[in-house]
There are 2 protein chains.
Amino acid sequence: MSTQSVVTAIRVLEAVSDNQPAGLSELSREVDVPKATVLRMLRTLAELGWVAQSEAQASKWVLTNHAFAVASRGSSGSVIRDAAMGPLNALQLDTTETVHLAVPDRGYMLIIERLDTPHVLRAFLPLGSRLPMHASSTGMAYLSAADDAFVDEYLAGPLEALTPQTVVDPARLRAMIADTRARGYSINEQGLSTGITSIGVPLLGSGGVAAGSISISGPSSRIVPAKYEEYGEAAAGTALEISRALGAFSTKGY
Amino acid sequence: MSTQSVVTAIRVLEAVSDNQPAGLSELSREVDVPKATVLRMLRTLAELGWVAQSEAQASKWVLTNHAFAVASRGSSGSVIRDAAMGPLNALQLDTTETVHLAVPDRGYMLIIERLDTPHVLRAFLPLGSRLPMHASSTGMAYLSAADDAFVDEYLAGPLEALTPQTVVDPARLRAMIADTRARGYSINEQGLSTGITSIGVPLLGSGGVAAGSISISGPSSRIVPAKYEEYGEAAAGTALEISRALGAFSTKGY
DNA sequence: ACCAACGGTTCATCCAGTGAACCAGCAAAG
DNA sequence: CTTTGCTGGTTCACTGGATGAACCGTTGGT
């Protein structure tokens, strides 16, 4: 691999992000690079304004919000976001529940947008959260549209349980994916967070490949089974609109 | 400056972020580094999953959402966010308007959180947006709490007008900052975006230094002068609560 | 047909990055 | 009150990875 100092620097950056606030030795171990090198990277990144010593405990390192500012303009982010926000907004107003927009990132679903419910009881998920695919409605929706090879690989990996309700058995997950395909939407009952139920639908990008997903989430007391079909179909309609805008069904070209 | 290849890589990354989708020569000019080097950096960053060739036009480079995922956990972000979300949530429910949480980043206000209004007519600002300080209520609120040296420096720089209503005259801006100080909240009438009015209040971090700001925004048809005082005071109360949580008025230590 | 831009490649030169060994400080263990 | 083992941080000789001028093939405007 080329430009190894850059590779090291980025790996340090990611390690900081994961261990927030992170100590020097800790990072050195994590990245498996001598402390001297890690420190040099941290200093350089600090000069550039991407990391800083924590105010609380100096000599602990943290990411700055400048990093957030620079990275916020995610590409496939932008394209999908632009296509999705209009329809998503309408969906939120229709259902009055929180809606999320998520895209895949290294085996997780990354929440890139959120529109809030006006209800006092709110599902809360900060932007930038990464959710395990098997434990979220967005993830299962994405898997239902992803190609088989990807699904096989994902299910072969370790599957963590986030709540007692999280399904981690690959066979059951496969069945749930099949149900999602048949039904058009996924259902997650408290598998991500106790008390939260959500319904997800996949988005297709150009060429019809899975590009992300949207979901409707709320407290399990409000998102009851009687509403699944209504919400699922509303979300599916919205997803269709977005996928169309992304050129999923475009005939031109190729 | 040390580890210059890392510096170059990050500068390339920021250039990509700013020019999205960016071509090779363009980036080379922007960063003032030979094309060969820029390309090497792009390839390395691509291997790491931070940038990718645009799907639309190959040989144009874009940021990936992985960059967003890593950088989302901004530190001072996190601390402020944790302290702010509770009170902000209450503020949003009280006013039913969109509320924003912003922190300073290199002369701009960076929007790090948003809670939406249930109204159909919505002010819309994607997370990660950077707003000029003089053109936003969050920015003016921040300036009203920042030290004089910072304000002088900011006002000395070029001040762009985003709408016909944007105030760019330093003298008038100074007067507005003084008003904001006296009143406790800033008012921005369509200076950022036509049809949008917003009200901002600064947040103080530990030691009482300006750390960010919050705002209430909505269509100018709804956020009318008759409501300024009500909203301003509600926001000021919320800000006080957050600042207190951040240790702005703590007596211990030092 | 021309020219000027583009994206991308090559390779000799040499300086920037590397990492083992080193301090000083701190906290728990003996 | 030592000892041990951790911490964050520093030093410096060595060398291999990063550099950038010059190159190529292609594309698009006139």
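The figures that follow rest on heavy atoms only: side chains count, while hydrogens, waters and symmetry mates do not. Keep in mind it's a predicted model, so treat the numbers as computed, not measured. Chain letters run A, B, ... following the sequence lines, proteins first and then strands; every chain starts at 1.
- With distances taken from any side-chain atom of B:Pro34 to the nucleotides D:dG20, D:dT11, C:dT18, the minimum falls on D:dG20.
- Put simply, NZ on B:Lys60 is 12 Å from C1' on C:dA5, counting in whole angstrom units.
- Put simply, CG on B:Leu39 is 15 Å from C1' on D:dG25, counting in whole angstrom units.
- Comparing C:dG19, C:dG8, D:dA18 by their nearest atom to the side chain of A:Thr37 picks out C:dG19.
- Under the 4.5 Å side-chain criterion, counting only non-hydrogen atoms from C-beta, B:Asp147 is in contact with B:Phe150.
- Remark: the A:Ser5 side chain and the B:Ser5 side chain contain an N/O donor-acceptor pair separated by less than 3.5 Å.
- Note: CD (B:Glu26) to P (C:dA4) measures 21 Å, nearest angstrom.
- Between D:dT19 and B:Gln4, a contact under 4.0 Å exists linking OP1 or OP2 to a side-chain N or O.
- We find that CH2 of B:Trp61 is positioned 16 Å from P of C:dC6, with the value rounded to whole Å.
- The line from CG of A:Leu125 to CZ of A:Arg130 is 13.5 Å long, rounded to the nearest 0.5 Å.
- Of the candidate nucleotides C:dG7, C:dT9, C:dG17, C:dG7 has the atom nearest to the side chain of B:Leu24.
- Spacing between atom CZ of A:Arg43 and atom P of C:dG17 amounts to 15 Å, rounded to whole angstrom units.
- Comparing atom distances between the A:Ala36 side chain and each of D:dT11, C:dG8, D:dG20 picks out D:dT11 as nearest.
- In this structure, the nucleotide among D:dT19, D:dA18, C:dT9 sitting nearest to the side chain of A:Ser5 is D:dA18.
- The aromatic rings of B:Trp50 and A:Trp50 sit tilted, their planes meeting at an angle between 30° and 60°.
- Within the 4.0 Å cut-off from OP1 or OP2 of D:dC12, not a single side-chain nitrogen or oxygen of A:Arg40 is found.
- With D:dT10, D:dT7, C:dG7 as the choices, the nucleotide that has an atom nearest any side-chain atom of B:Ser25 turns out to be C:dG7.
- The base of D:dG20 lies outside donor-acceptor range of the side chain of B:Lys35, with no N or O pair under 3.5 Å.
- Atom C1' of nucleotide D:dA18 and atom CG of B:Leu42 are separated by 15 Å, given to the nearest angstrom.
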(message) Walk me through whether B:Thr138 and B:Ser213 qualify under side-chain hydrogen bond (donor to acceptor under 3.5 Å, both in side chains).
(response) CA-CA 5 Å; B:Thr138 46; B:Ser213 49; 4.5 Å; no
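- At whole-Å resolution of the value, CZ in B:Arg29 and P in C:dA4 are 16 Å apart.
- Computed from coordinates, the B:Asp32 CG to D:dT19 P distance equals 14 Å when rounded to whole Å.
- Relative to the side chain of A:Met41, the nucleotides C:dT9, C:dT18, C:dC6 differ in distance, and C:dT18 lies closest.
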